Novice: 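Supplied in structure tokens, the structure appears directly below.
Note that the structure is predicted; figures quoted are calculated from it, not measured. The analysis underlying the following values was restricted to heavy atoms, covering all of them including side chains, and did not include hydrogens, waters or symmetry mates.
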Amino acid sequence: MEGNVNTTPQPESSSNGLAVSSMVLGIIGLVLFLIPLIPYPLAILAIIFGIIGKKNPVKKGFAITGLVTGIVTLGLKIWFWAGVVFFM
């Protein structure tokens, strides 16, 4: 019994950090979309990370959510500035 170490098997940790980052950045971009300069880099990074994160089958839904929220954030900013220009 010497050398018998009682270890429990650890589950393989599979994660998709880019997908989670994409979702978080997209949601933060949506929440802060009225602040002048912050949402642009957040939305662009959310879109980039979402595209890359979709290639990994783990947490693919997070990547899609980040991609959609990034696109929606950019769309809202374009819509906002079009409204500002239109009503001036």
Side-chain angles (χ1 to χ4, degrees):
M1 294 278 183
E2 285 183 38
N4 187 5
V5 180
N6 187 11
T7 59
T8 57
Q10 298 293 326
E12 186 175 319
S13 175
S14 58
S15 65
N16 190 350
L18 287 174
V20 175
S21 299
S22 173
M23 186 180 71
V24 169
L25 289 172
I27 291 171
I28 292 172
L30 274 177
V31 170
L32 301 177
F33 98 95
L34 286 177
I35 297 175
L37 297 176
I38 294 175
Y40 296 112
L42 294 177
I44 291 169
L45 286 174
I47 291 169
I48 292 170
F49 290 167
I51 290 170
I52 296 170
K54 272 181 41 176
K55 295 177 182 175
N56 190 349
V58 178
K59 296 187 180 178
K60 194 173 182 178
F62 284 14
I64 293 170
T65 302
L67 184 62
V68 168
T69 53
I71 292 169
V72 167
T73 301
L74 281 181
L76 283 173
K77 289 303 284 185
I78 292 169
W79 179 64
F80 173 78
W81 287 113
V84 167
V85 169
F86 181 73
F87 288 114
M88 285 186 98

Novice: Linking I/L/V/M/F/W/Y whenever their side-chain heavy atoms sit closer than 4.5 Å, directly or via other members, would F80 and F87 fall into one cluster?
Specialist: no

Novice: Atom NZ in K77, atom CG in L37: separation rounded to 0.5 Å?
Specialist: 8.0 Å

Novice: Go through the structure and list residues passing side-chain hydrogen bond (donor to acceptor under 3.5 Å, both in side chains) with W79, not counting sequence neighbours.
Specialist: none

Novice: Determine whether I71 and I78 fall in the same hydrophobic cluster, where Ile, Leu, Val, Met, Phe, Trp and Tyr are linked whenever their side-chain heavy atoms lie under 4.5 Å apart.
Specialist: no

Novice: With a cut-off of 3.5 Å and sequence neighbours excluded, list every side-chain donor-acceptor pair involving residues 55-66.
Specialist:
from, atom 1, to, atom 2, distance (Å)
N56, OD1, V58, N, 3.3
T65, OG1, G61, O, 2.8

Novice: Let me confirm one number: the CD1-CG distance from I48 to L18, rounded to the nearest 0.5 Å.
Specialist: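 Rounded to the nearest 0.5 Å, the CD1-CG separation comes out at 11.0 Å.
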
Novice: Are V85 and Y40 grouped together when hydrophobic residues (ILVMFWY) are joined by side-chain heavy atoms under 4.5 angstrom apart?
Specialist: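 No, no single cluster joins them.
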
Novice: With a 3.5 Å cut-off and sequence neighbours excluded, list the donor-acceptor pairs that the side chains of residues 22-34 form with protein atoms.
Specialist:
from, atom 1, to, atom 2, distance (Å)
S22, OG, A46, O, 2.7
S22, OG, G50, N, 3.3

Novice: Output the distance between atom OG1 (T69) and atom CG (L76), rounded to the nearest 0.5 Å.
Specialist: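 CG of L76 is found 11.0 Å from OG1 of T69.
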
